[in-house]
Amino acid sequence: MNIASFEIIKLMKEDLHIYKNPKELAIEFANLLMSLVEAHPGDNFHLAISGGKTPNSLFSVLAAKFANSQLWNKLHFWWVDERMVNPENPESNFGVVQKLLFSQISIPEENIHRIKGENDHEKEALSYSEQIKSNIKQVNNWPVFDLILLGMGDDGHTASIFPNQLELLNSDQICAVATQPQTGQKRITLTGEAINQAKQVAFLVTGKSKADRISEILNKTKDAGNLPAYSIAPISGNLNWYLDEDAASGIR
């Protein structure tokens, strides 16, 4: 497949945006994100973020390019998922964003809504669900985020919904406890139903190691249904994939 930078391909209701490399993707998406926040008519823009190398590149770009922006007063950060570790732990998704972004900008403390990984996982899942319900507008008893950013693992997992825990896609909870299959580590994650209520959902995926799973999902192969990322389908219809050329190399 001959892929040009910034090419946009329509795949049913999905928009696929392909960039030359991860750096180019991060720069362009940073510009897009801040444009969305600026154009948002309300006083608060509720964004749920994920961990991983690709989002981390985005946070670094945001800190470098928009450090002095007034839009941080409007932007509220939530977490798609979190490992149950203290915030100083290198594995903490919050800790990484704190280092790469929050420590570099001026943002109201009340705009940062972290999952407290140092707490009991069952109690924190309930507590975080309540925080979300108290701060974000609901439709049919589900919160509606303005934008949710997702990554994808080599195994097709997204958020902390793994292939052996597909029941979390259809859970009636906003947040649930997940278990990392290899390590047994406990995590808290937004469920599939909660993610699919968002006004917009964007996958940011880079790297050759993701190419096979991306190919299965976007080519809609018979085995794609076993991959959690395949089941992310926001009811708004606003689903976008942002990939680099390596991640997109298997798409027909």
Side-chain angles (χ1 to χ4, degrees), residues 33 44-56 58-59 62-63 72 75-105 107-138 141-153 157-162 165 167-169 171-198 201-204 228-229 232:
L33 172 61
N44 300 311
F45 187 98
H46 292 284
L47 169 70
I49 58 176
S50 299
K53 291 182 180 179
T54 306
N56 291 349
L58 170 65
F59 303 141
L62 287 169
W72 302 120
L75 186 52
H76 284 251
F77 285 87
W78 300 84
W79 270 259
V80 171
D81 63 335
E82 180 62 282
R83 299 172 177 89
M84 298 311 290
V85 297
N86 67 63
E88 290 76 32
N89 190 300
E91 291 192 342
S92 168
N93 286 340
F94 164 78
V96 172
V97 185
Q98 172 66 27
K99 178 181 178 181
L100 295 178
L101 180 60
F102 298 148
S103 64
Q104 310 298 315
I105 64 176
I107 182 170
E109 184 177 350
E110 60 268 24
N111 287 23
I112 301 171
H113 309 270
R114 77 176 181 94
I115 298 173
K116 295 179 180 178
E118 67 273 25
N119 289 351
D120 174 81
H121 50 271
E122 295 287 355
K123 292 180 179 178
E124 185 62 17
L126 292 173
S127 174
Y128 203 61
S129 296
E130 289 301 317
Q131 288 182 57
I132 290 171
K133 287 193 290 186
S134 297
N135 286 275
I136 298 177
K137 181 181 177 180
Q138 297 180 64
N141 295 318
W142 286 102
V144 180
F145 288 90
D146 294 301
L147 174 62
I148 294 180
L149 301 185
L150 297 175
M152 190 195 73
H157 86 264
T158 191
S160 281
I161 304 175
F162 295 92
Q165 295 160 65
E167 67 276 6
L168 295 180
L169 291 168
S171 171
D172 59 3
Q173 303 175 66
I174 296 173
C175 296
V177 177
T179 304
Q180 211 286 343
Q182 280 72 47
T183 66
Q185 181 188 60
K186 295 298 183 183
R187 300 183 179 187
I188 289 175
T189 183
L190 290 180
T191 62
E193 290 288 345
I195 293 170
N196 282 333
Q197 308 303 313
V201 176
F203 277 93
L204 276 62
I232 300 304

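Each residue takes its place number in the sequence, starting with 1.
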Rounded to the nearest 0.5 Å, what's the gap from [atom1] on [X] to [atom2] on [Y]? Could you check?
X: H76; Y: I112; atom1: NE2; atom2: CD1; value: 10.5 Å
X: I161; Y: R187; atom1: CD1; atom2: CZ; value: 12.0 Å
X: I188; Y: K116; atom1: CD1; atom2: NZ; value: 11.5 Å
X: Q185; Y: Q180; atom1: CD; atom2: CD; value: 7.0 Å
X: S127; Y: N119; atom1: OG; atom2: CG; value: 7.5 Å
X: T54; Y: L150; atom1: OG1; atom2: CG; value: 12.0 Å

Quiz prompt | Contact check, side chains of F77 and I49, non-hydrogen atoms, under 4.5 Å | solution = yes
Quiz item: Are side-chain heavy atoms of P55 and L149 found at a separation under 4.5 Å?
Solution: no
Please report the shortest heavy-atom distance between [X] and [Y], naming the atom on each side.
X: V144; Y: Q197; result: CG1-O, 3.4 Å
X: E193; Y: S171; result: CG-O, 3.5 Å
X: S129; Y: A125; result: OG-O, 2.8 Å
X: P108; Y: W72; result: CD-O, 3.7 Å
X: A159; Y: I195; result: CB-CD1, 4.1 Å

Practice problem: Just do the side chain to side chain contact (heavy atoms under 4.5 Å, CB included) check on L169 and T191 with the steps written out, would you? | Solution: CA-CA 6 Å; L169 291 168; T191 62; over 6 Å; no
Exercise. Begin with the C-alpha distance, continue with both residues' side-chain angles, and end with the deciding distance and a verdict on side chain to side chain contact (heavy atoms under 4.5 Å, CB included) for V177 and E122.
Key: CA-CA 7 Å; V177 177; E122 295 287 355; 3.8 Å; yes
Under 3.5 Å: donor-acceptor pair, side chain of [X], backbone of [Y]:
X: Y128; Y: W79; result: yes
X: S92; Y: E88; result: no
X: D146; Y: L47; result: no
X: Q165; Y: T179; result: yes
X: E82; Y: N93; result: yes
X: T158; Y: G151; result: yes
X: T189; Y: D81; result: no
X: N86; Y: E118; result: no

Exercise. Could you walk me through whether L33 and L147 pass the side chain to side chain contact (heavy atoms under 4.5 Å, CB included) test, one step at a time?
Key: CA-CA 9 Å; L33 172 61; L147 174 62; 3.7 Å; yes
Excluding sequence neighbours, so at least two apart, what forms side-chain contact (heavy atoms from CB on, under 4.5 Å) with [X]?
X: K133; result: E130, Q138, I174
X: A48; result: W78, V80, F145, I148, L190
X: A63; result: L101, Q104

Quiz item: What orientation do F94 and F102 show, parallel under 30°, tilted 30 to 60°, or perpendicular over 60°?
Solution: tilted
Self-check item: Worked verdict on Q98 versus R114 for side chain to side chain contact (heavy atoms under 4.5 Å, CB included)
Solution: CA-CA 10 Å; Q98 172 66 27; R114 77 176 181 94; over 6 Å; no
